[in-house]
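Worksheet: one structure, shown below.
Positions are given from 1 along the sequence. These numbers come from a predicted model, not from an experiment.
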Amino acid sequence: MSSQSYSRVQKSFLKYQHILVFIAPLLFLTTVFTIAPTPADAGMDYWLQYWWLFPAFLTGATIVNTVGISGSALFVPFLIFIFPIFAQPLEPATLVKVGLISEAFGLSSSAIAFIQYGLVDRRLALTLVAGSVPFVVGGALLSFIIPEVVFHALLGIALLAASYLLFNTDLSHEEPGSSSSLDHAAATDGGTVTDLPNDPGKLGPAGVRTADDGTVTRVDREGDDYRYTRGGYLRRFANYSIGGTFQGLAGFGVGELGIISMLSTKVPVRVAIGTNHIVVALTAILASLVHVFGGGLVGGHSLSLASTPWNMVVFTVPATVLGGQIAPYVSNALETDTIKNFVGVLFAVISLALFLMAAGF
């Protein structure tokens, strides 16, 4: 496929991404209602039993996708601490299944939304994913031999450290400006009357120019411009290697530590959040595959369709998809300091929850 044909396909996909994204959960729900193995006496009461999960997961998905972290970072503590207040506690294997199914739809939805907004740096994303792969696989394999208590304690320590670093990191890098401030008016389609050509490293409707000195100028769909460099690969690699290991171990970690590394290397916060979505989505899928197939091979945990609580996921999947679509608009509306402080507090709260889980509460 030529570059022009690929560009046309990409633009058409992004133009109608809202329709395509919402078709996916509709197909999923149709499949669940028609062929999923459910109790023989399943009636309307069965399918509506967990309707209240929709607003809970919608709120959680909007939060995690706004700040660019893994959905399981909120979903797992919610299902462990809050869910049993209103229903019966879930087995660990069931938590994994609900989290994986819900997060897969939510991450995909939000990633596409950020691409459509022009806030994803493909070059950064591909290098970060490539560097994380061996650590994600290694962490997932280690999960079969390391006690679950150790998972939660280690990740709690990592998130607490990340929260401390975030509050003490100088994030006074450039805020997005108006494209009119450039020497030539920038266009979000790559530019036809501007000094911003179509960069082969761009993804989505963004005008991108990479200067000879490595400075990147990116213009999003709203006409806001961002200037940064892609330097700092070693620092990001260190964070993403640790985060990738935790992603494989416990299902989240690469997004939480990864966003710190990009912000600390002066990547604008909205570009960092958008790019981090691609990294989190791909590493989460990889970790899930290793957990599913690796567990079965070595006698560990594996997914079972028959024991899946389908009356839960019929509400959590649409909620995460909708939250993923809302997130870019929330991210664009908030100030950088607001996002930074919120993420720091969120990490501290999650780490506390993980310590409680490790302590057996």
Answer with yes or no whether the hydrophobic clustering places [X] together with [Y]; edges join I, L, V, M, F, W, Y residues whose side-chain heavy atoms lie under 4.5 Å apart.
X	Y	result
Val317	Leu26	no
Leu234	Ile259	no
Leu126	Met262	no

Self-check item: Ring geometry between Phe86 and Trp52 (parallel below 30°, tilted from 30 to 60°, perpendicular above 60°)
Solution: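 Trp52 and Phe86: tilted rings.
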Practice problem: Take the angle between the ring planes of Phe33 and Trp47 and call it parallel below 30°, perpendicular above 60°, tilted in between. | Solution: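 Correct class here is perpendicular.
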Between [Y] and [X], is there a side-chain heavy-atom distance shorter than 4.5 Å?
X	Y	answer
Ile115	Ile278	yes
Phe114	Asp220	no
His277	Ile273	yes
Phe78	Thr59	no
Arg123	Thr210	yes
Phe246	Val254	no
Asp224	Arg270	no

Practice problem: Kindly write out the residues that satisfy ring-ring contact (aromatic ring centres under 6.0 Å, His included) with Tyr233, not counting sequence neighbours, or none if the list is empty. | Solution: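 Residues passing ring-ring contact (aromatic ring centres under 6.0 Å, His included) with Tyr233: none at all.
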Practice problem: Tell me who clusters with Phe135, hydrophobic residues only, linked when side chains sit under 4.5 Å apart either directly or through other members. | Solution: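 Hydrophobic cluster check, Phe135: joined to Phe237.
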Quiz item: Hydrophobic clusters join Ile, Leu, Val, Met, Phe, Trp and Tyr when side-chain heavy atoms are under 4.5 Å apart, directly or via other members; which others share one with Ile35?
Solution: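 So far as hydrophobic clustering goes, Ile35 is joined with none.
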Closest contact, heavy atoms only, [X] versus [Y]:
X	Y	value
Thr283	Val136	O-CG1, 3.8 Å
Thr275	Asp121	OG1-N, 3.0 Å
Met312	Leu53	CE-CD1, 3.8 Å
Ile157	Phe355	N-CZ, 3.6 Å
Leu58	Gly323	CD1-N, 3.6 Å
Gly231	Thr265	O-CB, 4.0 Å

When rounded to the nearest 0.5 angstrom, what is the spacing between [atom1] in [X] and [atom2] in [Y]?
X	Y	atom1	atom2	result
Thr62	Leu322	OG1	CG	6.5 Å
Leu356	Ser351	CG	OG	9.5 Å
Tyr50	Phe57	OH	CZ	12.0 Å
Leu263	Arg236	CG	CZ	11.0 Å
Arg209	Arg227	CZ	CZ	7.5 Å
Trp310	Phe315	CH2	CZ	15.0 Å

Quiz item: Taking the six-membered ring where the residue is Trp, are the ring centres of Tyr329 and Tyr117 under 6.0 Å apart?
Solution: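 Ring centres of Tyr117 and Tyr329 closer than 6.0 Å.
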List for me each residue that meets side chain to side chain donor-acceptor pair (under 3.5 Å) alongside [X], sequence neighbours excluded, and say none if there are none.
X	answer
Thr245	none
Thr316	Ser102
Thr215	Asp213

Practice problem: Determine whether more than 12 heavy atoms belonging to other residues, nucleotides or ligands lie under 6.0 Å from atom CG of Leu27. | Solution: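 Yes.
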Quiz item: Given Tyr240 and Asn276, is the side chain to side chain contact (heavy atoms under 4.5 Å, CB included) satisfied, shown in steps?
Solution: CA-CA 11 Å; Tyr240 273 91; Asn276 208 44; 2.5 Å; yes
Exercise. Give a yes or no on whether the backbone of Ala61 and the side-chain of Asn65 come within a donor-acceptor separation of less than 3.5 Å.
Key: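 Judged by distance alone, yes, a pair lies under 3.5 Å.
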Quiz prompt | Expected output: side-chain Ser109 to main-chain Gly106 donor-acceptor under 3.5 Å | solution =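 Looks like no, no N/O pair under 3.5 Å.
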